[in-house]
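Below: one structure, written as structure tokens.
Hydrogens, waters and symmetry mates play no part in the numbers below; they use all other heavy atoms, side chains included.
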Amino acid sequence: MAGFFSTLRRIYLSLYNWAVFVGWSEVLYLAVKTLSESGHEHVYNAVERPLQLAQTAAVLEILHGLTQTHILVSSLVISWSITEIIRYSFFGMKEALGFAPSWLLWLRYSTFLLLYPTGISSEVGLMYVALPYIKISEKYCIRMPNKWNFSFDYFYLLILVALICTHICWARGRKLYQNQKGNRTAFGSSESFT
């Protein structure tokens, strides 16, 4: 039974990837054709529908990530998504109305307490998960002897980046918290958030 679902998954992902490939190919073809025939002013109108379909298909990537990749990929994508939805709706409301509702203001300046550590932990965690593969495969490594007389080991660079990232992000998170600590108590005044 597991073999059947594995085959079904491969067929679905193959069809999905080829459909998205065709969609983006159509967007490129229409963009180049319209640009050469009618000028840049008409490109968006020519590609609008296939572009919307191709971009909308990317939403399925989140579901694919939830089902076939490491759980840290899912937590990273979800953290990013929530952060960006809050950020862009906040700024959209401020631009459209000149202010943002207090609940959105609260979300904008409070959810980082959960989402920032979740996102950073997911990123560093994925680096850690990749380490055994990087070590065995020697991916992106340059070994001596070579014509440049230079050696590079991506495995050790990844460890260094993870350590530096953890340190910098922890310090930045503490600074964000300190900056917002006073602001979260002053929700009556929008000046503290500009």
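Criterion: ILVMFWY side-chain heavy atoms under 4.5 Å apart, direct or through other members. Under it, L97 and L105 are part of a common hydrophobic cluster. Y154 and L131 fall within a single hydrophobic cluster, where Ile, Leu, Val, Met, Phe, Trp and Tyr side chains are chained together by heavy-atom contacts under 4.5 Å. In the hydrophobic clustering of this structure, W106 groups with F91; members are Ile, Leu, Val, Met, Phe, Trp, Tyr whose side-chain heavy atoms approach within less than 4.5 Å, directly or through other members.
Using a 30° and 60° split on the angle between ring planes, F150 and F152 fall in the parallel class, below 30°.
Other residues, nucleotides and ligands place more than 12 heavy atoms under 6.0 Å from the CD atom of E41. Remark: R49 CZ is loosely packed, at most 12 non-hydrogen atoms of other residues, nucleotides or ligands lying under 6.0 Å away.
One distance of note links CZ of F90 with CD of E95; it measures 10.5 Å at 0.5 Å rounding. Note: R108 CZ to Y88 OH = 9.5 Å, rounded to the nearest 0.5 Å.
Taking all atoms of both residues into account, the shortest heavy-atom contact from N149 to M144 is OD1-CE, 2.8 Å.
The shortest distance between side-chain heavy atoms of T111 and I82 does not fall below 4.5 Å.
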Evaluate W24 against L28 for side chain to side chain contact (heavy atoms under 4.5 Å, CB included), listing each step before the verdict.
CA-CA 6 Å; W24 281 108; L28 179 61; over 6 Å; no
Hey, mind stepping through D153 and E138 against side chain to side chain contact (heavy atoms under 4.5 Å, CB included) and telling me if it holds?
CA-CA 8 Å; D153 197 322; E138 295 191 343; over 6 Å; no
